[in-house]
**Q** 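One structure follows; several queries about it will come next.
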Amino acid sequence: MPSISASAVDYRVRPAGGESKLRTYRDGWRILRVILDLARRERPSLVHTVIAGVLALVSVVLGIPVIADFVRTGTVPRLPTAVLAAAIMTIATLVLLVGYILESLMHMRQEQTRLVHLSYPAPAYSPRLTARGAGIGAVSGRKTAASRRNAIALDAEQHRDLEQGQEVSPSDG
């Protein structure tokens, strides 16, 4: 397990006349764009639901006065506003449906990735290889392909010795 420790860092004051390479607003917008892009890719239904909710709210705010005028007078004096509210609500519905479709596509992509990983054969079983990485050629708890082949070959030799009734000594690892 790697240890965490404090390290001394040489800190120097910026030289006279030097400018920061950071741009607060430009870099902030870049970071926000990356965050939104990640959210859109990883949680499309959440992002599209929020967008659809905002659009639906705008549509309701625009449509309530038009509906109130219609109930009161029986006419629609602000027809463009009524059409705008209906169009925004239609767009909100479409955005919501697109979010659900993207969510299902994301789940399909993840499932396909799992199936591809499962199509690879499992590593050969070797009783000498333990969870801690003990065995031949163990480097940082990882096995190289050569060390796995050697461990399998040694296990085969030990198995032959057992079949012949000879005693098998445990390996050093």
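Because the structure is predicted, anything quoted here is derived from the model rather than measured.
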**Q** What distance separates Ile64 CD1 from Thr81 OG1, expressed to the nearest 0.5 Å?
**A**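 Rounded to the nearest 0.5 Å, the CD1-OG1 separation comes to 13.5 Å.
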**Q** Between Arg14 and Glu19, which heavy-atom pair has the shortest distance, and what is it?
**A** CD-N, 4.0 Å
**Q** Do Leu55 and Met89 have side chains that approach each other closer than 4.5 Å (heavy atoms only, starting at C-beta)?
**A**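 When only atoms from C-beta onward are counted, Met89 and Leu55 do not touch, as no gap falls below 4.5 Å.
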**Q** Testing the basics here: between Ala85 and Ser59, what is the closest heavy-atom pair and its distance to 0.1 Å?
**A** O-OG, 2.5 Å
**Q** Within a 6.0 Å radius of atom CZ on Arg78, are there more than 12 heavy atoms belonging to other residues, nucleotides or ligands?
**A** yes
**Q** Decide side-chain contact (heavy atoms from CB on, under 4.5 Å) for Asp69 and Val76; before the verdict, give the C-alpha distance in whole Å, the side-chain angles of both, and the deciding distance to 0.1 Å.
**A** CA-CA 7 Å; Asp69 284 346; Val76 182; over 6 Å; no
**Q** Would Leu105 end up clustered with Val98 when hydrophobic side chains under 4.5 Å apart are linked, directly or stepwise?
**A** yes
**Q** What is the distance from atom CE of Met106 to atom CD of Gln110, rounded to the nearest 0.5 Å?
**A**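 If I round to the nearest 0.5 Å, the distance is 4.5 Å.
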**Q** What's the shortest heavy-atom distance between Ala82 and Val66, and which atoms?
**A**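 Heavy-atom minimum between the residues: CB-CG1, 3.6 Å.
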**Q** Please tell me if the side chains of His48 and Leu102 come closer than 4.5 Å, counting only heavy atoms from C-beta onward.
**A** yes
**Q** Can you tell me which residue among Arg109, Glu103, Glu111 is in a side-chain contact (heavy atoms from CB on, under 4.5 Å) with His107?
**A**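 Among Arg109, Glu103, Glu111, the one meeting side-chain contact (heavy atoms from CB on, under 4.5 Å) with His107 is Glu103.
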**Q** About how many Å separate CG of Leu46 and CD1 of Ile51, when rounded to the nearest 0.5 Å?
**A** 9.5 Å
**Q** Consider only side-chain heavy atoms of I, L, V, M, F, W and Y, link residues closer than 4.5 Å, and tell whether Ile91 and Leu84 are in one cluster.
**A**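 Yes, Ile91 and Leu84 fall within the same hydrophobic cluster.
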**Q** With sequence neighbours left out, which residue pairs that include part of residues 21-37 fulfil the side chain to side chain donor-acceptor pair (under 3.5 Å) condition?
**A**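 For residues 21-37, and leaving out neighbouring residues, the side chain to side chain donor-acceptor pair (under 3.5 Å) pairs sorted by first residue read Asp37-Arg40, Asp37-Arg41.
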**Q** Do you know which two heavy atoms are closest between Ala56 and Ala92, and how far apart they sit?
**A** N-CB, 3.8 Å
**Q** Mind listing the closest non-hydrogen atom pair of Val95 and Ala52 along with its distance?
**A** CG1-N, 4.0 Å
**Q** What distance separates Leu57 CG from Leu62 CG, expressed to the nearest 0.5 Å?
**A**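 These two atoms lie 9.5 Å from each other.
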